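These numbers come from a predicted model, not from an experiment.
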Amino acid sequence: MTCGKWVRGALILGLFSLLAACSSVGGAGVGGTPGEARLPVVKNPAPIVSGTMRPYQVRGRWYTPKEQPDYEEVGMASWYGDAFNGRPTSTGERFDMHALTAAHKTLPLPGLVEVTNLDNGRRLVVRINDRGPFVDSRIIDLSREAANELGMLSQGVGRVRVRYLGRAPQQGGGTLLRASAPAPRVSAPVSAPVQMAVAPPVPRVSEVSIYWVQAGTFSDQGEARRIADSLSGWVRADLNGGRFNVVVGPWDSANAAEAARQSVVARGYAGALLISGN
């Protein structure tokens, strides 16, 4: 009889422990509304990647990355996919078009932002691990998967609100906040901004089609060649100035070239520049 009571007591204690555990797990990642998760809480953030917070120049325009805890902006979002899949991003991570990631011009890397599609109400959190987009009127460049979840894959661009959440975890961090959008406002408003945003950048593509990274300029040709070899680059002689430029590239995308520039900066060449041409 005593043994039976002891067994029943142990079972009751085990049941309470199990319930407490389930309650703890559920509260950490899922909100009260089915299909909608809470904003992620990062307890062990990844460090800011060395070199990604230095000012840089693209197409003659300077960008200054910095901490922006109150950052919130409304503007146009675009997306990128197959052409960049598997390539290194500005953080050194490989771009995965099937992950919830994005590129931003000035926020810390890696970081997390909440993105809301203002045309249909869909929201998600993406990991910022790249620089861009370097196109006027665009404030964020989404991965293919992020664009798909926000319902803007076929349109190419969409009007969004971007809100900075803070530093990203060691890995991942992308979270789908709303699995499905409200029924109203899906069809009519989406088409209007697309015509405004897609058309203007088209002529600019023919202006600049090739990008290089200039790691530095040196007076000694031998030193320049040694550095070029270490960076898998080449030496371009400046006949007028009698100096030698170490150049890496080319790339057909400003985003890819900027990622390479920041990689060169991280290897000790703080003055590396992004240069472009036809």
Per the ring pair (Phe, Tyr, Trp, His ring centres under 6.0 Å) rule, what does the pair list look like for residues 97-120, sequence neighbours excluded?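 For residues 97-120, and leaving out neighbouring residues, the ring pair (Phe, Tyr, Trp, His ring centres under 6.0 Å) pairs sorted by first residue read Tyr71-His104.
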
Is a side-chain N or O of [X] found less than 3.5 angstrom from the main chain of [Y], in a donor-acceptor match?
X	Y	answer
Gln57	Leu273	no
Lys105	Pro133	yes
Arg163	Val115	no
Thr89	Arg94	no
Asn129	Glu93	no
Asn85	Met97	yes

Check the pair Val74, Arg159 against side-chain contact (heavy atoms from CB on, under 4.5 Å), reporting the backbone distance first and the verdict last. CA-CA 7 Å; Val74 172; Arg159 188 166 176 267; 3.7 Å; yes

Residue that, paired with Met76, satisfies side chain to side chain contact (heavy atoms under 4.5 Å, CB included) out of Val157, Val160, Ile140: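 One option only clears the test, and that one is Val157.
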
Shared hydrophobic cluster, [X] / [Y] (ILVMFWY, side-chain heavy atoms < 4.5 Å):
X	Y	answer
Val49	Phe95	no
Val162	Ile128	yes
Val58	Met53	no
Leu39	Leu112	yes
Tyr63	Ile48	no

If you measure from [atom1] on [X] to [atom2] on [Y], what distance do you get to the nearest 0.5 Å?
X	Y	atom1	atom2	answer
Arg243	Ser219	CZ	OG	5.0 Å
Arg261	Arg54	CZ	CZ	8.5 Å
Glu114	Tyr164	CD	OH	14.0 Å
Leu142	Glu149	CG	CD	11.5 Å
Ile139	Leu107	CD1	CG	10.0 Å

Can you find a pair of side-chain heavy atoms, one from Thr101 and one from Asp96, that are under 4.5 Å apart?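 They are not in side-chain contact.
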
Taking the side chain as every heavy atom from C-beta outward, state whether Leu165 and Val113 have any atom pair closer than 4.5 Å.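 SC-SC contact between Leu165 and Val113 ruled out.
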
Not counting sequence neighbours, which residues clear salt bridge (charged side-chain N to carboxylate O under 4.0 Å, His left out) with Arg144? List them please.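 Expected list: none.
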
Those residues that, when tested against Arg161, pass salt bridge (charged side-chain N to carboxylate O under 4.0 Å, His left out) (two or more places apart):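 By the salt bridge (charged side-chain N to carboxylate O under 4.0 Å, His left out) rule, Arg161 matches Glu72.
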
Near-ring test Phe218/Phe244, centroid separation under 6.0 angstrom: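 When the ring centroids of Phe244 and Phe218 are compared, they turn out to be at least 6.0 Å apart.
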
Passes side-chain contact (heavy atoms from CB on, under 4.5 Å), Asn117 versus Met152? Steps please. CA-CA 8 Å; Asn117 185 337; Met152 51 172 281; 4.3 Å; yes

Should Gln214 and Thr217 be marked as a side-chain contact (heavy atoms from CB on, under 4.5 Å) after you check the CA-CA gap, both sets of side-chain angles, and the distance that decides it? CA-CA 8 Å; Gln214 181 173 298; Thr217 301; 3.4 Å; yes

To check you understand the geometry: which heavy-atom pair defines the closest contact between [X] and [Y], and what is its length?
X	Y	result
Gly173	Pro40	O-CG, 4.0 Å
Asn120	Leu150	ND2-O, 3.0 Å
Pro108	Lys66	CD-O, 3.5 Å
Leu100	Thr175	CD1-N, 3.7 Å
Leu153	Trp79	O-NE1, 3.2 Å
Ser90	Arg131	OG-N, 3.2 Å

Taking CZ in Arg225 as the centre, count heavy atoms belonging to other residues, nucleotides or ligands within less than 6.0 Å. Is the count above 12?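 12 or below, so no.
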
side-chain contact (heavy atoms from CB on, under 4.5 Å) between Thr64 and Thr106: does it pass, once the steps are laid out? CA-CA 6 Å; Thr64 305; Thr106 58; 5.8 Å; no

Audit row: Tyr80, Asp130, side-chain hydrogen bond (donor to acceptor under 3.5 Å, both in side chains) steps and yes/no: CA-CA 12 Å; Tyr80 61 127; Asp130 208 356; 3.2 Å; yes

